[in-house]
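This structure is a prediction, so every number in the text was calculated from the model and none was measured.
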Amino acid sequence: MRVVRGRGLRDLRAVLAPVAAGMAVMAAAATVLVPALGRGAHPEVSGPVAVHRAYGPGTAPATAAGAHCTPGTAAESLRPSPADGPAVERIKQKGQLVVGVDQNTYRWGYRDRDTGALEGFDIDLARAIAKDILGPDAKVVFQAVPTNQRIPAVQQRTVDMVVRTMTINCERKEKVAFSTAYFQAGQQVLAPKTSPITAFDDSLRGRRVCTADGSTGQAELTRSSHGARVLTAPSQLDCLVRLQLGEADAVVTDSALAAAQAAQDPTVELKGKPFTDESYGVAMNKDDPDLVRRVNKVLDDYRSGGDDSPWMRAYRKWLKADLPGISGPPAPEYAD
């Protein structure tokens, strides 16, 4: 889908109506992952047209990464290491890193409307990880993964990792392992500027509120909907489309994603303040502790350098315009 900016709601309805119909078809097939794209489809995607599976387990479970998890320790991960363990060696033997990403989230993981290339903050991070493991000419296979398929993709080894604005929490750490946090966000409400909705509060009562299936926004609305009618969709972009078409009154999503959506459509805005505190991490199979440690080593390098660090350069390039005032990345927390 091309990024739509600078249009009023009436114009957007005309543009997005066929897109919404197409997304309804995608939603029906959301239980399977989009296969890796082949050479020639987009210049940044490499590897054969195939679903990459069954790489085999690592030799030891990453028990420390998820043991005794509490909300206060959820962001803790394994200490970094440059060592080539079983999982890293497996990736080197394949000669490519398979990464689950989003291709529809503006600023984070999306296709440039002119070139078709995948771009964004998450895409830059995925390429940095691939370069560290495979060298300067690293091959990366990007697979588009719906929100509710991120964990199955990691568990079933359809991908080596997921880099897709994925919040670290204890429930998820029972199923997958996470890197240290690479971004800090929180759930927030997005609604039309003219809407009487003021925040994540009782102003939502009787309103249609959309959130991505399998997201932390859905979990928060399950805990307390404030009387809203909750709608779910495969991705947050689907929710934005529903909002623009008048099929939803508000969206609940991560503040970082909400800011990107507001940048796409000047008729909507963030309402109230973030009402949760969430950290994004890279998700990996729990049987791959060496890969977790290697990614944490990459993240250490990515944060290093102060204002000239790769993290800050990526922030200025992709996020600063919509999320100003961030002075640096979250500090890493380690469990051992």
Side-chain angles (χ1 to χ4, degrees), residues 4-5 7-10 12-13 16-17 19-20 23-24 26-27 30 71 74 102 104-108 146-148 150 164-172 183-280 319 322-323 325:
V4 181
R5 285 172 285 187
R7 293 179 179 269
L9 186 55
R10 290 181 180 176
L12 281 166
R13 285 177 177 165
L16 292 168
V19 175
M23 286 184 174
M26 289 175 63
D102 197 352
N104 293 314
T105 299
Y106 188 46
R107 306 291 199 194
W108 291 90
T147 302
N148 65 356
R150 293 177 298 188
R164 193 188 182 282
T165 58
M166 189 169 177
T167 298
I168 305 167
N169 60 36
C170 291
E171 180 182 0
R172 289 173 176 172
F183 198 83
Q184 201 75 22
Q187 292 296 303
Q188 198 163 2
V189 176
L190 183 77
K193 291 180 177 178
T194 57
S195 171
I197 294 170
T198 57
F200 190 71
D201 56 22
D202 287 347
S203 65
L204 296 175
R205 186 170 302 279
R207 306 290 180 178
R208 299 162 299 173
V209 179
C210 187
T211 193
D213 185 28
S215 67
T216 49
Q218 183 185 26
E220 291 298 326
L221 284 163
T222 299
R223 293 188 188 97
S224 176
S225 68
H226 291 287
R229 177 188 168 196
V230 180
L231 312 174
T232 60
S235 74
Q236 297 299 345
L237 182 64
D238 296 290
C239 284
L240 177 61
V241 170
R242 289 189 180 187
L243 185 66
Q244 291 167 329
L245 293 176
E247 297 173 0
D249 301 306
V251 175
V252 170
T253 185
D254 296 359
S255 55
L257 305 186
Q261 291 178 350
Q264 289 177 276
D265 182 355
T267 70
V268 301
E269 65 182 3
L270 283 71
K271 301 285 188 174
K273 295 181 179 180
F275 55 91
T276 63
D277 186 17
E278 302 180 14
S279 302
Y280 295 163
L319 307 179
D322 305 320
L323 292 167

- Working to the nearest 0.5 Å, report the span between CG of D102 and CG of L237. 8.0 Å

- Task: Return the minimal non-hydrogen interatomic distance between P196 and S203, and the atom names on each side.
- Result: O-CB, 4.1 Å

- Message: Within the 4.5 Å heavy-atom criterion, are V252 and F275 side-chain neighbours or not?
- Response: yes

- OG1 of T167 to CZ of R150: how many Å apart, nearest 0.5 Å? 7.0 Å

- Query: Without hydrogens or angle criteria, can the side chains of Q187 and D254 be said to hold a donor-acceptor pair below 3.5 Å?
  - Reply: yes

- Mind checking the CG-OG spacing from L270 to S255? Nearest 0.5 Å is all I need. 7.5 Å

- Would you say Q184 and P274 make side-chain contact, with heavy atoms under 4.5 Å? no

- Query: Under 3.5 Å, is there a donor-acceptor pair between the D322 and Y106 side chains?
  - Reply: no

- Query: Got a second to check how far S235's OG is from L257's CG, nearest 0.5 Å?
  - Reply: 10.0 Å

- Aromatic rings Y280 and W108: how do their planes relate, parallel, tilted or perpendicular, breaks at 30° and 60°? perpendicular

- CG on D249 to CZ on R229, rounded to 0.5 Å: 9.5 Å

- Kindly say whether G246 contributes a backbone atom to a donor-acceptor pair with the side chain of R208 at under 3.5 angstrom? yes

- Donor-acceptor pair, K273 side chain versus A199 backbone, under 3.5 Å? no

- Query: Are the side chain of Q188 and the backbone of G272 linked by a donor-acceptor contact shorter than 3.5 Å?
  - Reply: yes

- Message: Are the side chains of T147 and R164 in contact, using a 4.5 Å heavy-atom criterion?
- Response: yes

- Message: Can you confirm whether the side chains of T253 and Q261 place a donor and an acceptor under 3.5 Å from each other?
- Response: no

- Message: Strictly distance-based, threshold 3.5 Å: is any side-chain N or O of T216 a donor or acceptor partner for the main-chain N or O of A219?
- Response: no

- Message: Can you confirm whether K271 sits close enough to T198 that some side-chain heavy atom of one is under 4.5 Å from a side-chain heavy atom of the other?
- Response: no

- Item | L243 side chain near P192 side chain, heavy-atom distance below 4.5 Å | yes

- Note on the structure: Between the CD atom in E278 and the CG atom in N169, the distance rounded to the nearest 0.5 Å is 8.0 Å

- Can you name the closest pair of heavy atoms from A258 and L190 and give their distance? O-CD1, 3.8 Å

- Message: Quick one: does any side-chain atom of S225 pair with a main-chain N or O of L221 as donor and acceptor, under 3.5 Å?
- Response: no

- Message: Please give me the minimum heavy-atom distance between R107 and A260, naming the atom from each residue.
- Response: CG-CB, 4.1 Å

- Would Q236 and T105 count as having a side-chain donor-acceptor pair, cut-off 3.5 Å? no

- Side chains of R172 and M166 in contact at under 4.5 Å (non-hydrogen atoms): yes

